[in-house]
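Heads up: the structure comes next, in structure tokens.
Just so you know, these numbers come straight off a predicted model, no measurement behind them. Chain naming here is simple, since letters A, B, ... match the order of the sequence lines and numbering starts at 1 in each.
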Number of protein chains: 2
Amino acid sequence: MIFHFKNKFPQLNAYWDKYLPFQKKQEVPAKTLLLQEGRRSQQYIFIEKGCLRAFLNKDGNDKTVQFFFEQEGLASFESFVNNVPSPISIETIEPSILYTLPKKYALQLIDELSKEPYFTQMVLQISAQRQNHYMNEFVSFIRDTPEQRYQNLLKKRPQIVQRVPQHYIASYLGVSTVHLSRIKSKLAKGKSHF
Amino acid sequence: MIFHFKNKFPQLNAYWDKYLPFQKKQEVPAKTLLLQEGRRSQQYIFIEKGCLRAFLNKDGNDKTVQFFFEQEGLASFESFVNNVPSPISIETIEPSILYTLPKKYALQLIDELSKEPYFTQMVLQISAQRQNHYMNEFVSFIRDTPEQRYQNLLKKRPQIVQRVPQHYIASYLGVSTVHLSRIKSKLAKGKSHF
DNA sequence: GCTGAACGATAACATATGTTATCAAGTTTC
DNA sequence: GAAACTTGATAACATATGTTATCGTTCAGC
């Protein structure tokens, strides 16, 4: 949410630089839980290498709702700024290299930034982007079949299909692992008559 | 998006008042198309009485994605400010009384407002609310069954169930009209053994 | 009041999707 | 390197959901 915007708003670069020293580099194995549903977020996370997923628990099983890759940053803004419990958990999928900024400094940074006119512009842009993201996901569920949603992934976010274990993708698409497997084999057949 | 925020940001009330004279009162019958998918939005709409829906076309049939009621205002901000084609159509469900503000004045109003510090705050709040709305809808599709989604509607947005024809609700929930009918009859049975 | 459209329930059948179980291959851990 | 775990494919069966058609009711427009 913050550092991955470096250079997108050059006017604010000085701020990122100022807080770089407070970052901590962390190397963590796969399946490391970084934030647990119900807890309060204690840090901003930037992904140097690896990938993460956001998920929630429903009747005992995981439902993955989002994926994150290199050069992306995460902070549940709400959980963070308003200090409310996070509705989701975050964990690594691959062994990852992360840079984290403790909440204390992140809030301090936001406080400094909020005096800058460009900050508003940045927050608005980020907010609009996210709104757009969730709206597209939502509309896609109404409009598209699971098969079409999978093909969208293949076309627009091939990273996910290539790097993420299939059962996470299945819940993200809203289907069972078995059904996603069926979708794949059906698509494979369709292609094979070159 | 604008006038329905009157009194929520009292500091800005003078602006709304200034533009009231440019509003047009419109009484329209049910099923009146107010904005067509692919066209550019030409007005801000405030609902005095009645209800509307937003929908899009998929392979020849409607998919309803949102409902609007009294005291709500609509403007596809993006389609509006950026002058891009609207991805959705808007039409009345009930005979309605609307107040519309032509694009020309709406843009002028936004321009004036943008100099106010409270405007940023307002836009951020609206933006956050919408982001939250779409995120909840999205997560609900991953997490909940259609039956649970219907029960959520009943509990959290009873207006929709009471006033909107069932086939619109069905597509909003992502199921066929027949299946929604089945869900209802199943729930009715469950309740009847008082 | 008549008439056609809109609405909603239901049945019958077809298809999509979930569940459980099994197997095979690949990976990690010790 | 053996054992345990993870991943993914597949089969068999159960359930959920879609499609088409029919019917009765209500309602708007004339």
Spacing of OH belonging to B:Tyr99 relative to NZ belonging to B:Lys25, to within rounding of 0.5 Å: 4.0 Å
Would you write out the dot-bracket form of DNA chain D, 5' to 3', with Watson-Crick and G-U pairs under 3.5 Å, [ ] for crossing pairs, | for pairs to other strands and . for unpaired bases? ||||||||||||||||||||||||||||||
Rounded to whole Å, please give me the gap between NZ in B:Lys186 and P in C:dA9. 16 Å
Can you tell me the distance, in whole Å, between the CD1 atom of A:Ile183 and the P atom of C:dA16? 11 Å
Residues B:Glu91, B:Lys31: salt bridge by 4.0 Å N-O rule: no
Within the distance-only criterion (no hydrogens, no angle test), does the side chain of A:Gln71 pair as donor or acceptor with the backbone N or O of A:Phe69 below 3.5 angstrom? no
Quick one: B:Asn61 CG to D:dG18 P, roughly how many Å, whole number? 12 Å
Report the distance from atom CD1 of A:Ile142 to atom P of D:dT17, rounded to the nearest whole Å. 16 Å
If I take atom NE2 in residue B:His179 and atom C1' in nucleotide D:dT15, what distance separates them, rounded to the nearest angstrom? 10 Å
Minimum heavy-atom distance between A:Phe119 and A:Leu113, given as atom pair plus value: CB-O, 3.2 Å
Using atom CG of B:Leu187 as one end and atom P of D:dA16 as the other, report the distance to the nearest whole Å. 13 Å
Can you tell me how far the CG atom of B:Leu180 sits from the CG atom of B:Leu173, to the nearest 0.5 Å? 6.0 Å
As an exercise, state the distance from OG of B:Ser86 to CD of B:Glu37, rounded to the nearest 0.5 Å. 7.5 Å
Side-chain ion pair, B:Lys18 and B:Glu112, N-O less than 4.0 Å: yes
Round to a whole Å and report the spacing from CG of A:Asp59 to P of C:dG18. 15 Å
Given atom CZ of B:Arg163 and atom P of C:dA6, what is their separation to the nearest angstrom? 21 Å
Could you go over nucleotides 4-14 of chain D and give all protein N or O partners under 3.5 Å, atom names and distances?
unit_1: D:dT7; atom_1: OP2; unit_2: A:His167; atom_2: NE2; d: 3.2
unit_1: D:dG8; atom_1: OP1; unit_2: A:Gln166; atom_2: N; d: 3.4
unit_1: D:dG8; atom_1: OP2; unit_2: A:Gln166; atom_2: N; d: 2.4
unit_1: D:dA9; atom_1: OP1; unit_2: A:Lys184; atom_2: NZ; d: 3.4
unit_1: D:dA9; atom_1: OP2; unit_2: A:Gln166; atom_2: NE2; d: 2.7
unit_1: D:dA9; atom_1: OP2; unit_2: A:Ser181; atom_2: OG; d: 2.8

Spatial distance of atom OH (A:Tyr105) from atom NZ (A:Lys24) [nearest 0.5 Å]: 10.0 Å
Out of B:Leu52, B:Leu98, B:Leu35, which residue meets the side-chain contact (heavy atoms from CB on, under 4.5 Å) rule with B:Leu74? B:Leu52
